[in-house]
Peer 1: 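Got a structure for you, written out below as structure tokens; questions coming shortly.
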Amino acid sequence: MSWDQVFFILGLAAAVVVLSKHASAVVKQWLALAGAVLFAASVLRHGPEAVALLKHIADTFWPVLAKAAEKGAGAFAKFMHSVLH
């Protein structure tokens with residue numbers, strides 16, 4: 001992605017923020033609809049990259065979350081054991 005594209009996206013985002021703060025309800029509704037359409041189009045166009053990114057995030061965080069869940073379950077088991085005995 002070039003810097004021109006990045007600044008264009010940032011400009012669009014700034015315009016949307018300003019319009020969402022000061023526009024009427026109809027304009028806000030159309031902005032939401034346009035945003036949803038753009039999001040759907042970007043997901044469809046860049047679907048494989050999005051899936052690869054989600055897979056990478058899942059592969060990165062799953063071991064961390066599994067270990068945290070295991071520690072949490074162990075702590076809860078110790079707590080319940082101390083309460084019941």
Side-chain angles (χ1 to χ4, degrees):
M1 183 179 290
S2 70
W3 284 109
D4 292 340
Q5 291 173 330
V6 170
F7 287 122
F8 179 73
I9 291 170
L10 289 175
L12 283 178
V16 168
V17 167
V18 169
L19 284 175
S20 68
K21 295 287 184 187
H22 302 292
S24 67
V26 173
V27 172
K28 289 179 185 179
Q29 185 178 10
W30 280 103
L31 283 175
L33 180 63
V37 168
L38 286 174
F39 180 74
S42 67
V43 167
L44 290 175
R45 182 171 181 211
H46 301 289
E49 292 92 354
V51 170
L53 178 63
L54 287 176
K55 184 179 181 308
H56 175 71
I57 291 170
D59 290 344
T60 302
F61 287 112
W62 181 252
V64 174
L65 293 175
K67 188 167 186 132
E70 183 180 340
K71 283 184 177 182
F76 183 73
K78 285 181 185 177
F79 170 72
M80 290 304 291
H81 182 64
S82 68
V83 168
L84 295 175
H85 293 286

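Both backbone and side-chain heavy atoms feed into the values below; hydrogens, waters and symmetry mates do not.
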Peer 1: Could you tell me which non-hydrogen atom of P63 sits nearest to which non-hydrogen atom of A58, and how far apart they are?
Peer 2: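 The pair with the smallest heavy-atom distance is CD-O, 4.4 Å.
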Peer 1: Roughly how far apart are D4 CG and I9 CD1, rounded to 0.5 Å?
Peer 2: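 These two atoms lie 11.0 Å from each other.
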Peer 1: Does anything in residues 40-61 pair up under salt bridge (Lys or Arg N to Asp or Glu O under 4.0 Å), and if so which pairs, sequence neighbours excluded?
Peer 2: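 Matches after skipping sequence neighbours: K55-D59.
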Peer 1: Any link between L53 and F61 through a network of hydrophobic side chains (Ile, Leu, Val, Met, Phe, Trp, Tyr) touching at under 4.5 Å?
Peer 2: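 Same hydrophobic cluster.
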Peer 1: Decide whether L10 and W3 are clustered together by the hydrophobic rule: side chain heavy atoms of Ile, Leu, Val, Met, Phe, Trp, Tyr closer than 4.5 Å, transitively.
Peer 2: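 In one cluster: yes.
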Peer 1: Same cluster for V83 and F76 if Ile/Leu/Val/Met/Phe/Trp/Tyr side chains link at under 4.5 Å?
Peer 2: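 Yes; F76 is reachable from V83 via cluster members.
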Peer 1: Nearest 0.5 Å please: distance from the CZ atom of F79 over to the CG atom of L84.
Peer 2: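 So the CZ of F79 and the CG of L84 are separated by 9.0 Å.
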